[in-house]
Amino acid sequence: MKAHSKSSVAPDPPLVLVVDDFEDNRAMYAEYLRFAGLRVAEARNGAEAVDKATRLAPSVIVMDLSLPVMDGWEATRRLKADARTRAIPVIALTGHALEGHSKSAKEAGCQSFLAKPCLPEELLKEVNIMLHPARPGSARRRR
Amino acid sequence: MVASRTVSTPSPTVSPAEAKSRLLETLLGFDDVETCADRALEWLGSHARVVSALCTLVEAEPARLVGVAAYRVPGPLVQSFSVSLEAPDNVFGRALAASGPTKLSLRPELSPLFDGAEVYGFPLPANGANGSHEPVGLLFLTLATGASAEVIAWAASALGRRAQQLRMLRVLRDAERRLVHERTRVYTLVNAVPDPILLTDTEGRLLLANARAEALFAAAEGQSEGRSRAVALNNMLLSAALAQRVIDASPAARRELPLVDPIDGSDRLYELFSTPVQNPEGSVVSVLRNVTDLQHATLELEENYRKLRQAEVEVRTERDRLTLIIDSVADPILVTSPAGAIVHMNEPAERLFTLRHGATAQEIQRVRANDAHFSSHISNLFVSTSGLRWHGEVGLVDPPSGRPVPVEAFSGKVLSPRGDVTAIVTILHDRTEAIERTRLNQQLERARDELEHKVREATAELLRQKELLERQNLELEQASALKSQFLANMSHEFRTPLNAILGYTNMLLQDVYGVLAEPQARSLSRVDSNARHLLTIINDILDISRIEAGRMPVRATSFRLPELIREVMAELEPLVARSKLTVRTRFAPKKLPAVRSDRAKVKQIVLNLLTNAIKFTPSGSVTVVTTYRPASERITIDVIDTGIGIASQDQDRVFDDFRQVDNSPTREYGGAGLGLSICRRLATVLGGDLSLVSQPGAGSTFTLALPRRPKRRR
C-alpha cells in the first residue's frame, strides 16, 4: 500500500491485478511485483476480480483458478465477454497439477498458464512478456 | 301105347339114316351132358314117337339116379328128381342092369311126372373106351303107338356113349386142374423159401429152380451183359461144385459156394446142400443158403466190437476232458436227466448241491433248499416253454456260510438225434458281483449327483463371490479414484503453502528486503533446498497416483533422442560440474531414427536415471549409450556408472515405492526413493521397460527399453 507513493514517481507504471484467495500468496506476489516497480491491485475472488478489472482497467491480470464465490475460469470468461476488459491479458495460475486445468484455462480465454509453485521472479518474467508482447520469441517459450 | 298124346310128326324130307347122323353131330357139338341129353330127348320126340321123357344119370355115393333133362315133363320136377339105387332088389337098379326096355308101371316116383301113363325104362349103355359096360343112366319114356324100341335103343346108346365120354372128360379135366393147382402150390411153396432151391439132372443141367435160384442161375431176356456173364459164371461154379459132390460120393455134402450177385455184381457166399433124389433120372436137389450176410455179420460184429471198445475209450477220454473243462469253469454247471436227477456237476456246483462230510443240519437244509429251487427252475424248461432253452434268476444259498448266492440260470435241453431229451445242461452265473457292481454304480451315481449338486452350489457361490468381487472392484476403483482425487487435492493443498514458502525464501535470498548476513543467507538456502525437495516428493506422489489411477496421459510426438539427451545433459550441467565425474554420451548407430513416444516422460526417466547415476557415483564415469535395434524396432538407453553398485538381493527392491537401499534416517543420499518406481511405471506406460544389471562396487547399468513407435492396441 505504501508503494503507491513510490509508483507515483514513475510516469505511468503498468497496473497488475493479482487475484488469489490465499492472502499470503497474493501479498507475496504483490510485494514482489511492486518491488519490481509495477502497480498492483488485489482481488480475493472471481467476482471481485471482474469488478476491479472493469473499474481499474489493469494492464495484466494474474488469475488463480480455484477461487471462492466465482472461480477463475468463470471470471476470465466474463472478462473476455466484456468489450471493456477483453483486451487485458490474463495469466492463469493454479496449484492443481491435474491434467485439463491449463487446457480449460486457455479455453476460458487465458493468454498464459503457470503452475504453482511459481516463484515470484517467474511470475514477473511472464508479466513482463505480457506487457511487452513485441519482444521476439518471448511469448512462445512458455506455451 | 298112349294115343291121346299129340306127337310131332318127323319131317318127311329127312330119312331115318340122316336123322341118326344129325343126332350124332348134335351130341358131339355140346360139351355138357345136360344139353346133350336135352337134344337127344327132343330127337326121340321127333323121330321115335316118344311122348314124354326124363333123362337120369347115375351118380355115386350115394348111388342114385339124378334128373338132368326132360321132354314134355314139368321142368322144376326134373331138377329135383332123384331116386336111390341103394336098396337091394331096386326096380330102377334092375331096369338099369337090363339089356333092353323095362316096363315100369305105377311107380310113385314117376306118376307126378308122367301123369300116370305107362313108363318104359331104357338104360343108357356106356360102351366106353375103357371097356366099361356099366350103364351111365336111365331114360324114362312114355311112348305113342308104333314107337320103335330099336330106334330108341340106338339113340339111348348114342347118348350113353356121349355121356360116358363127357363124364370121362370131366374127370380128366378135374384131375388136370387139380394137378395145376398142386403144382402152383408147390411152386409157391418153393418160391417162398428164401434160399435158392434147384433141381438138376446128372449132367448138372437146371431142371427146376425157385425164383431165388433163377435170379442166380437163369438167364433172362434182354438183360445186361454184366448180368449174363454173372449168370454164366454162377452156372459154371455150381456145375463144378455138383461134380465135386459126385467125386466125393458123399450123399449130402455140404460145401461153400461163392457166387456173384447178377443184379449188383457183389460177391455172395452160399452154403450148398445137395441131395440126390431117389428117382430113375438121378436128379439132384440142391439148396443154397446165403451165408454172405452171416459172414458179413460176423466180421461186422467183430469190427463193431472193436469200434465199440475204441469208442468207449474215446468217449471216456472225451468225457474226462469234458469233465476237466466243466470243472475248470468257475460257474456251477449241472447236467440233469430228463427225470430231474443230477447226472453230473462240476466242483462249483458240488459246493451248492452236495453235502460235505459232516455237514450240519443247517447245511443239509440249505442244500435241500438249493435243490428245490434248482428243480423248480428246471421244470420251467418243460412247463413254461416249448423251446430248448430257459433262463431265469434263482436265489441259492452257499450251504457252508449261508451267504445268499443270487444266480442267473441258463438251461438247455440236450437232444438225441431222434429228438428225445437226453439231458439238461444248466449253467449258473453268480450275480453277486453284478448286483454289487450295480449297487456301487448307484452309489457312484449318488456321489456324482451330490458332487454335481456341490459343483452347482460352488458355482453359484463363485458367481456370488464374483459379483461381490465385481462390486468390491467397483468400490475399489471408486476408492482408487477417490484416493487419486484426494492425493490431487492434497498436492494442491501442499502446493499453496509451499508456494508461499518458496516465494518468500526466494525473495529474501534475492535481497528484496535488504542484504542478508552470510549465516542468514546460508540458513535461508537450506530452507529453500528443503522446500524444493518437499515439492519433488509431492510431485512424485502425484505422478504415482495418476499412473495408478490410469490417468497418466500419453502424448506421443515424433522426436530425436540425441537432442533430448543433450537437453538432459544441459540441465544437469551444474550437478556434473560439482562432481568429479566424466559424463559421456554415445549413439549407435551414429544417426538414429526419429522416435515416436511421450517426449516429456522419456526425458523424465532419463533425467532421473542420470541424476541417480551421478548421485551414487563418487568417482569414475557415467556413460549414456543410446542404441537402436532394427530387428525388434526397439530403442535402448543404457545409463552406465562406475558407482557403488547394488547387491543382487536389493536389485528388485530398488524399483519399489519409497525405497532406498539405505533406509536409515541418517542416510547419505537424499531423495524420497520414488524416482525409480515412477521411472519403471512410466516405462511401462510407454510400452517399454526398465531393467538393472549391477554388482556392488563395480557399478550399475540401468537400461530403458522403448518401442520405436507405440504399439497398436487391439
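Proteins come first, then strands; the chains are lettered A, B, ... in the order of their sequence lines, and each starts at number 1. Quantities reported herein were computed from a predicted structural model and do not represent experimental measurements.
Glu633(B) CD: more than 12 foreign heavy atoms inside a 6.0 Å radius. No more than 12 heavy atoms of other residues, nucleotides or ligands sit less than 6.0 Å from atom CZ of Arg78(A). Around CZ of Arg44(A), the count of heavy atoms belonging to other residues, nucleotides or ligands within 6.0 Å does not exceed 12. Atom CZ of Arg526(B) is surrounded by 12 or fewer heavy atoms from other residues, nucleotides or ligands within 6.0 Å.
Across every non-hydrogen atom of Gly503(B) and Met28(A), the tightest pair is CA-SD, 3.2 Å. Here the closest heavy-atom approach between residue Ala500(B) and residue Phe22(A) is recorded as CB-CE2, 4.4 Å. Here the closest heavy-atom approach between residue Asn499(B) and residue Cys118(A) is recorded as OD1-N, 2.6 Å.
Of the N and O atoms on the side chains of Tyr504(B) and Asn25(A), not one donor lies less than 3.5 Å from an acceptor on the other residue.
Of the listed residues Leu498(B), Thr505(B), Leu535(B), the one with more heavy-atom pairs under 4.5 angstrom with chain A than any other is Leu535(B).
The CD1 atom of Ile501(B) sits 10.0 Å away from atom CG of Asp24(A), with the distance rounded to the nearest 0.5 Å. Interatomic distance, CD of Glu31(A) versus OH of Tyr513(B), reported as 3.5 Å (0.5 Å rounding).
For Ala36(A), no part sits under 4.5 Å from any heavy atom of chain B, backbone or side chain.
Listed for the Arg495(B) side chain is no donor-acceptor partner under 3.5 Å among the backbone atoms of Pro117(A).
Considering only heavy atoms from C-beta on, Glu121(A) comes within 4.5 Å of Asn506(B) through its side chain.
Among residues two or more places apart in sequence or in another chain, the ring-ring contact (aromatic ring centres under 6.0 Å, His included) test is passed with Phe35(A) by Tyr32(A).
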